[in-house]
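Below is one structure, written out as structure tokens; the observations come after it.
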Amino acid sequence: MKVKILLALMLGFAFSVNGQDTKISFEASEDAPKISKHIYGHFAEHLGRSIYDGFYVGDTSSIPNKDGVRIDIIEALKEIKIPNLRWPGGCFADTYQWKDGIGPQVDRPTMVNAWWGGITEDNSFGTHNFLNLCEELGAEPFISGNVGSGTVEDFTDWLQYTNHAEGSPMAKLRKENGREEPWNVKYWGIGNEMWGCGGNMTAEYYANIYKQYSTFMTSWENENDLYRIAAGASGDDYHWTEVLMRDVPKSLIEAVGLHHYAVIDWENKGSATGYDEEIYFRSMEEALKMEKFVEKHSEVMDKYDPDNTIDLVVDEWGGWYDVEEGTNPGFLYQQNTMRDAMIAGATLNIFNNHSERVKMANLAQTVNVLQAVALTDGEKMILTPTYHVFKMYTVHHDAQLLPVNFDSPEYTFEGGSLPAISVSASKNEAGNTNISLVNIDASAEHKVEIDLEGLDVNNIEGEILKSGKIQDHNTFDNPDKINITEFKDFKLRNGKLEVSLPPFSVVVLSSK
Ligand code: AHR
């Protein structure tokens, strides 16, 4: 043991073993909700190097691309079965004039991206590029429309342009621009952060605006199969959700949004890679607040919607730190370490366990911005620890939740304490059970005993994401420092699975 502690000290934090096994069991029930694959959604804003120089390099680039979008990014996102992609913002959405992004590229006017760095964009990536990309990815598009500085007419023209088969001016325009069939976009955000960059509105004022916009949104079919998402609250602003649920008729709304970022101090967010255990602990504390927020917003929703007809969509979440040295502060470019893997694993477990109400979520953001799954540098592209967590959790997409019973051991640091372990589990259509476990404890291994009775589990395979130091990350010179490896530190005995979870690790166990 001495050798182990010494080794661990050399690695950064002291590893120790938590003696007592934590008991975990599941309450399999046919009534348990399905974990919507849309919980594993992503977000691509016109921000920094997300779209331009991230996804989109243009079709004359020497970087291999399909219609201007990097092939390495397309392949990476297909691998994690990206279910939906939110675009074009964010704050940018409420400044975006979609008509400037259609038609021949040479004729498109430029625009200034006022929120993010004040740079001039040439509108070369527009509606066709985005929707064709979603088709290529097999992902549902989720368009955030401009409410803050737009009009109802602009908004509904956009809807008509993307969804109307024929016989309308916008369908005609789309066809003239080379796209015969409509894309049939289902998911529409009615503005973004309307309490802030979307227009600094009160909840009451926005509820009226929301009703106005959603009234004119129709799919032109017999039934309205659009999914309209009201711009939601930030963190613990329960009043915002209350007003929307109280004032908007159910016929006009399918979901309410929620945004929460794991930020320890907005004035001093700290380095993405250079942090100590105190900062790590505080980041995790902020990230884990998601559970309380989801529960409390759901409680408010239950009050007005006891039959659970309106969904909660967490359309922005993730870790947010200071930008990397020497990069544009408006571009929000940050590295991604094992801390981010912990945030991703624990947050996705929260969403899975609340999949009764949470039907969609979008990590902020996909490429080169905030808690990205991929970073690019010219021809090079690397996948982050967060990417690997999303890959491991694909097993939960559209599987039936196995509600979990357990009391987590504590991860204590200088008098504070957090639950060290988070778990979620599901059974897929083939009858396989998948269990995802996260141990956020920076120094202690935790042992868990999982009761598998009644789950018909025999052969189990495991995968793990771990590293020597919590600050570890992949770089362009060392892109595979952190990757998924086989996990074998478990034993199945008499229907009980004994698992040892190393410090700051994500483990997925699957019955085969
Ligand atoms: O994701 C970055 C920004 O964070 C988004 O544009 C905005 O909605 C949020 O404040």
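Counting convention: from 1, in listed order, for ligands and their atoms alike.
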Nearest heavy-atom neighbours spanning F130 and P141: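 It is CE2-CB, 3.6 Å.
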
Do we see a donor-acceptor contact under 3.5 Å between the side chains of [X] and [Y]?
X	Y	result
T309	D305	yes
T273	Q471	no
E316	Y261	yes
N163	R174	no

Any N or O of H259 closer than 3.5 Å to N or O of ligand 1: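 Not met; the criterion fails.
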
Which part of [X] is near ligand 1, with near meaning a heavy atom under 4.0 Å away: side chain, backbone, both or neither?
X	result
F92	neither
F43	side chain
W317	neither

Which of the atoms of ligand 1 are close to [X], meaning less than 4.0 Å from one of its heavy atoms?
X	value
C91	5 (C), 6 (O), 7 (C), 8 (O)
L370	1 (O), 2 (C)
E193	7 (C), 8 (O), 9 (C), 10 (O)
Q365	1 (O), 2 (C)

Closest protein heavy atom (residue, atom, distance) for atom 1 (O) of ligand 1: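 For this ligand atom, the closest protein heavy atom is Y261 OH, 2.7 Å.
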
For atom 9 (C) of ligand 1, closest protein heavy-atom neighbour: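 Its nearest protein heavy-atom neighbour is E316 OE1, 3.0 Å.
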
Between Y280 and F413, ring centroids under 6.0 Å: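 Y280 vs F413: aromatic centres not under 6.0 Å.
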
Check: N474 main-chain N/O paired with Q335 side-chain donor or acceptor under 3.5 Å: yes

